[in-house]
2 protein chains.
Amino acid sequence: MPNRPGTLALVLHLSKAVHRASSEELLGMRLRQFLVLSYLHERSPSRQQDLCETLMLDANNCVLLLNDIEAAGWAERRRDPDDRRRHIVEITDSGREALFRAEIALDSLEDEVLGALSADERDTLRDLLSRAMADQPAVV
Amino acid sequence: MPNRPGTLALVLHLSKAVHRASSEELLGMRLRQFLVLSYLHERSPSRQQDLCETLMLDANNCVLLLNDIEAAGWAERRRDPDDRRRHIVEITDSGREALFRAEIALDSLEDEVLGALSADERDTLRDLLSRAMADQPAVV
DNA sequence: TATTGTTATACTCTATAACTATA
DNA sequence: TATAGTTATAGAGTATAACAATA
């Protein structure tokens, strides 16, 4: 009969710890907004649909999130000329600056949350998580 | 300027993938109930307060969660004779059985979510996560 | 007076369904 | 008819404050 706290349970707990440790005040934005801008920083312009799927957001949720981000001036949406039903999302210079500041803040938060691990161990952790995520069906 | 998806962002994404992949139907209980029973399986009887702190649950949230778990017959609460303000929580045989079935289900889910990693790599991941979690301030 | 647990309440996040426009 | 995005609405999860019982 298994009993040790499983790997997935640990992932859930650590995620909760990150949510608790992060605040809008610290990042200058909400955590979910940060994740969107991080995505856009790597792939911009990007189709709204791809963004939603990769970040595992409901279509509805995605719209509301992008509304706020666009209102903050961090990204812009425009119609795809090839298929006017689609939206193309692109990060703005202001968005990159906000993202940069948030990343600095998140680095210090990472020191806090992963303080028990050495630099090498954090690299290992990151590599393992990255490969696990790449295999997720929802991710494009 | 940093740009790679950070380790913490990966933790958040993987956590979301776990939430998405798990269902009450699959586990026979809710994910949050599973986490409580897992805790109790290791430390039972346990003070309600300790349980709340370790699982990073609000006092309120903890009460509601334990209400449901107790109603399902998976755990019991009783007053602490030494301090009648406190509650002692103890898992029941029925709770252990339900936990066991859920763990079996979660194992297959782990295969799904961590399918990209070898057994050794999963052990490494579990070790790193476990040590990171042990260092969290909220955890008793 | 301080603490543990509970209740009441509201807020955030997420999910479902119906609607608009484009194809 | 089908799809991308939006809107409206409800549900789940979480947080805040007031309360009761006990110390």
Side-chain angles (χ1 to χ4, degrees), chain A residues 9 12-13 15-27 29-36 40 45-71 75-90 138 140, chain B residues 12-13 15-27 29-36 40 45-72 75-90 138 140:
Chain A
L12 296 171
H13 278 154
S15 170
K16 199 160 191 173
V18 173
H19 274 284
R20 287 233 157 175
S22 69
S23 68
E24 187 169 357
E25 189 184 20
L26 177 72
L27 295 181
M29 65 180 65
R30 290 170 185 273
L31 201 49
R32 15 209 334 272
Q33 297 173 331
F34 172 82
L35 295 172
V36 170
L40 288 177
S46 170
R47 285 196 304 166
Q48 182 165 323
Q49 196 178 19
D50 293 342
L51 188 152
C52 291
E53 287 180 6
T54 303
L55 298 180
M56 292 178 283
L57 297 166
D58 284 17
N60 162 32
N61 209 349
C62 190
V63 168
L64 298 176
L65 191 42
L66 285 174
N67 284 350
D68 291 341
I69 289 175
E70 196 167 24
E76 287 173 356
R77 274 177 290 191
R78 59 173 186 273
R79 295 276 177 187
D80 182 346
D82 297 337
D83 183 343
R84 290 187 46 73
R85 292 174 303 183
R86 292 177 175 169
H87 272 177
I88 302 291
V89 189
E90 189 161 16
V140 178
Chain B
L12 296 171
H13 277 154
S15 170
K16 199 160 192 172
V18 173
H19 274 285
R20 288 233 158 173
S22 68
S23 68
E24 187 169 357
E25 189 183 18
L26 177 72
L27 295 181
M29 64 180 66
R30 290 170 185 273
L31 200 48
R32 16 207 336 271
Q33 297 173 331
F34 171 81
L35 294 173
V36 170
L40 287 177
S46 169
R47 285 195 305 165
Q48 182 165 322
Q49 196 179 17
D50 293 343
L51 188 151
C52 291
E53 286 180 7
T54 302
L55 298 180
M56 291 178 283
L57 296 167
D58 284 17
N60 163 33
N61 209 349
C62 190
V63 168
L64 298 177
L65 190 43
L66 285 174
N67 284 350
D68 291 341
I69 289 175
E70 196 167 24
E76 287 173 355
R77 273 178 290 191
R78 60 173 186 273
R79 294 277 179 187
D80 182 346
D82 296 338
D83 183 342
R84 289 186 47 74
R85 291 173 304 183
R86 292 177 176 168
H87 272 178
I88 302 291
V89 190
E90 190 161 15
V140 179

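Proteins get letters first, then strands, A, B, ... in listed order; numbering begins at 1 in each. Because the structure is predicted, anything quoted here is derived from the model rather than measured. Excluded from the calculations below are hydrogen atoms, water molecules and symmetry mates; all remaining heavy atoms, backbone and side chain alike, are included.
Separating the CG atom of A/L55 from the P atom of C/dT14 is a distance of 11 Å, rounded to the nearest angstrom. Whole-Å rounding puts the A/R30 CZ to C/dC13 C1' distance at 10 Å. Between the CG atom of A/D58 and the P atom of C/dC13 there is a distance of 14 Å, given to the nearest Å.
Here A/R86 pairs with A/D83 under the salt bridge (Lys or Arg N to Asp or Glu O under 4.0 Å) rule; sequence neighbours left out. The side-chain hydrogen bond (donor to acceptor under 3.5 Å, both in side chains) test applied to B/D58 returns A/R20, not counting sequence neighbours. Partners of B/N61 according to the side-chain hydrogen bond (donor to acceptor under 3.5 Å, both in side chains) rule, which considers only residues two or more places apart in sequence or in another chain, are B/R32. For B/S22, there are no side-chain hydrogen bond (donor to acceptor under 3.5 Å, both in side chains) partners at least two apart in sequence or on another chain. Every residue two or more places apart in sequence or in another chain that forms a salt bridge (Lys or Arg N to Asp or Glu O under 4.0 Å) with A/R78 is listed here: A/E90. Listed by chain and residue number, B/D50 satisfy the salt bridge (Lys or Arg N to Asp or Glu O under 4.0 Å) test with B/R47 (two or more places apart in sequence, or in another chain). With sequence neighbours excluded, the residues satisfying salt bridge (Lys or Arg N to Asp or Glu O under 4.0 Å) with B/R77 are B/E70.
Between the CG atom of A/L55 and the NZ atom of B/K16 there is a distance of 7.5 Å, given to the nearest 0.5 Å.
If A/N61 and A/D82 are placed on DNA chain C by their nearest nucleotide, the residue sitting closer to the 5' end is A/N61.
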Query raised in the report: Base, backbone or nothing for each nucleotide of nucleotides 2-10 of chain C, written B, S, -, heavy atoms under 4.0 angstrom, 5' to 3'?
Result: BBSSBBB--

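Between B/K16 and C/dC13, a side-chain N or O to OP1/OP2 separation shorter than 4.0 Å is absent.
Here chain A contacts DNA chain D (any atom closer than 4.0 Å to a heavy atom, that is under 4.0 Å), and the contacts span D/dA2 to D/dA15 from 5' to 3'.
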